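First listed ligand is number 1; within each ligand, the first listed atom is number 1. The model shown is predicted, which means the values in this text are computed figures rather than measured ones.
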Amino acid sequence: MKMFHSGQWQTGSAEIEVTNPFDGSVIDTVPDGSTDDITAAIDGLVDGAGVMRRMAAWKRSDILSRCAALLRDNESRLAELISSEEGKAIRESRAEVRRSASTMQLSAEEAKRLTGEVVPLDATPGGENKLGFTLRVPCGIVAAITPFNFPLNLVCHKVGPALAAGNSILVKPATDTPLSALALVELLLEAGLPAETIACVTGSGSRLGAAICRDERIRKISFTGSADVGRQICEMAGLKRVTMELGSNSPLVVLPDADLEKVAAATCSAGFTNAGQVCISAQRLIVAGQVHDELAEKLAPMIERIPTGNQLEKTTHVGPMVRESDAERVGHWIDEAVSAGANVISGGERSGAIYHPTLITGASPDMRIVKDELFGPAVAMIRADDVEHSIKLAADTRFGLSAAVYTNDVTAAMKFANGIDSGNIHINGGPQWRADGMPYGGLKESGIGKEGPKYAVQEMTETKMVVFHGLG
Ligand code: NAD
């Protein structure tokens, strides 16, 4: 596919091959964009920002609604594209397309809700006989830098709100998975989006990042990706607004009264969806000593039976990781844990880019598979003594994106909710649950700001205060 900027589909001086991680076959190529492409794209988006700022709310909403309908109409084709470039099982890619349509529809609705408020200026002396109100206005040009793991929906989570709020937008999709983002641009243009209001430049983030993040004409950067890159972007951004959606090592806490059938089902889903490459995957399974062994015995065969293989086959639940080197990395981290005393009780093997779903017992807080973000298909069980100890273990992390507890004890559940610094907290559900409309974002090193169209629109707009004097 070509990249898109300056109102046109563009080639580059070199190309990047996009491969299917299952067999390494080349599925397409995209241009290896240059910093000149970024500059040209931003030049074009300056005009685009003016077009969007003048466009009526109903029209922005209509375009986004039409895009949502086109996403639904193209579910099969887009799902195949996502699975081919990213490696996730086709059943999950279909769900991602449906969620993308919802994200665009929610954005379409938010386009009509940009409001200000009347401010009671006479609440303090000197404010008499004046009328004050706020206006919410677009930032101008928004830059969206997106990760590989949800190559369509996480682009929608930035493009939808940015356009709803009346901005133009520059997308820099992940180097490994640019095709889904380019397909979204095609659908937006088909839905009637003016060509000068969007750009999608493909290529390496480390090469293009500075040209995007240091350009003063970009007023807002919305980034989803790793904490290391997030930090670099913040350093380059200067006086720009930033939203940072970063990683985590989410805990799933199991208290003694938990329904273990439900916990086991939740772990199989929250631990292994997209081969564990989800920022809110259940990575640390913190289990009360009384039920630890029973849960391990229940889980091990269930995890062993998860169908792995070619992601394009309907029966597959876990496909390849995005790169073989990532599957190798997961293997190294697990070997390291085993050398430090952990046991692999299910999985623990690699075939090419596929790392087989793995359950580990005997994990401890100083192991890399516990304290860092694994981003792979393995769950590490940690034994806890009591409620307080479970909460302490769960809270012992520099991350804070999502956390879950299974218990029927309301007091213990509230202790957990109060004791964990996490952007999302789930009671009797896994940490990987997300509705696209909810405020979603991390605390601590998991990020800054919230996504979810209503909340992202807030972050992609500015407030102006207008005061009429001398009215009395
Ligand atoms: P990554 O940080 O390697 O890359 C993300 C994006 O940043 C890519 O587009 C990449 O090209 C670009 N990039 C790389 N270096 C850059 C630089 N110096 N300047 C500017 N841009 C640069 O992340 P990834 O491997 O694609 O995704 C996995 C990470 O994303 C995990 O840490 C995961 O937890 C996180 N993630 C977070 C959320 C969330 O909502 N919090 C959602 C999905 C993924």
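Ranking protein heavy atoms by distance to atom 6 (C) of ligand 1, first place goes to Thr146 O, 3.4 Å. Considering only non-hydrogen protein atoms, atom 24 (P) of ligand 1 sits nearest to Phe148 CD2, 3.7 Å. At the shortest separation from atom 28 (C) of ligand 1 among protein heavy atoms lies Phe375 CE2, 3.5 Å. For atom 42 (C) of ligand 1, the nearest protein heavy atom (residue, atom name, distance) is Cys279 SG, 3.0 Å. Looking only at heavy atoms of the protein, atom 35 (C) of ligand 1 is closest to Gly225 O, 3.2 Å. The protein heavy-atom contact nearest to atom 41 (N) of ligand 1 is Leu246 O, 2.7 Å. Ranking protein heavy atoms by distance to atom 1 (P) of ligand 1, first place goes to Ser226 OG, 3.7 Å. Nearest non-hydrogen protein atom to atom 11 (O) of ligand 1 is Lys172 NZ, 2.8 Å.
The distance from ligand 1 to the heavy atoms of Ile145 drops below 4.0 Å at these ligand atoms: 6 (C), 7 (O), 9 (O), 12 (C), 21 (N). Listed by number with element, the atoms of ligand 1 under 4.0 angstrom from any heavy atom of Thr175 are 11 (O). Below 4.0 Å from some heavy atom of Gly247 lie the following atoms of ligand 1, by number and element: 32 (O), 34 (O). Here is the list of ligand 1 atoms found below 4.0 Å of a heavy atom in Asn149: 43 (C), 44 (C). Residue-ligand proximity, Pro173 to ligand 1, at heavy-atom distances under 4.0 Å covers atoms 9 (O).
The closest approach between any non-hydrogen atom of Phe150 and ligand 1 is not below 4.0 Å. Put simply, part of Met236 is less than 4.0 Å from ligand 1, judged by heavy atoms. Within the 4.0 Å heavy-atom cutoff, Gly447 does not count among the residues contacting ligand 1. Contact analysis leaves Gly442 out of contact with ligand 1, as no non-hydrogen atom separation drops below 4.0 angstrom.
Protein heavy atoms are found inside the 4.0 Å sphere centred on atom 26 (O) of ligand 1.
Under the 4.5 Å side-chain criterion, counting only non-hydrogen atoms from C-beta, Asn167 is not in contact with Ile169.
When Glu373, Arg231, Met244 are each tested for a side chain to side chain contact (heavy atoms under 4.5 Å, CB included) with Glu445, only one passes: Arg231. Among the candidates Lys158, Lys450, Glu451, Glu459, the single residue satisfying the side-chain hydrogen bond (donor to acceptor under 3.5 Å, both in side chains) test with Thr243 is Glu459. The one candidate from Leu374, Leu359, Ile369, Ile360 that meets the side chain to side chain contact (heavy atoms under 4.5 Å, CB included) condition with Val379 is Leu359.
Figure legend: cation-pi geometry between Arg329 and Phe375 absent, as NZ or CZ is not positioned both under 6.0 Å from the six-membered ring centre and within 45° of its axis. Within the cation-pi definition used here (under 6.0 Å to the ring centroid, within 45° of the axis), Lys172 does not qualify as a partner of Phe223. A cation-pi arrangement is absent between Arg350 and Tyr355 under the rule of less than 6.0 angstrom and at most 45 degrees off the ring axis.
Although no hydrogens or angles enter the test, the distance criterion places no donor-acceptor pair under 3.5 Å between the side chain of Thr19 and the main chain of Pro21. Looking only at distances, no side-chain donor or acceptor of Thr273 sits under 3.5 Å from a matching main-chain atom of Ala270. Remark: side-chain polar atoms of Arg136 are paired, donor with acceptor, to backbone N or O of Gln458 under 3.5 angstrom.
Counting only N and O atoms by type, the side chains of Ser204 and Asp32 include no donor and acceptor under 3.5 Å apart. For the residue pair Asp228/Ser226, the side-chain donor-acceptor check at 3.5 Å is not satisfied.
Contacts of Val278 with ligand 1, taken as heavy-atom pairs under 4.0 Å, are absent altogether. Only side-chain heavy atoms of Ile233 come within less than 4.0 Å of ligand 1; its backbone N, CA, C and O stay farther off.
Classification of Lys88 and Glu96 as a salt-bridged pair holds, one side-chain N sitting under 4.0 Å from a carboxylate O.
Selection from Glu373, Lys450, Gln232, Arg434 by nearest heavy atom to atom 34 (O) of ligand 1 gives Glu373. By heavy-atom distance, the residue among Val322, Val229, Thr224, Asn249 lying nearest atom 5 (C) of ligand 1 is Thr224. Scanning Gly209, Ala211, Gly441, Pro147 for the heavy atom closest to atom 20 (C) of ligand 1 points to Gly209.
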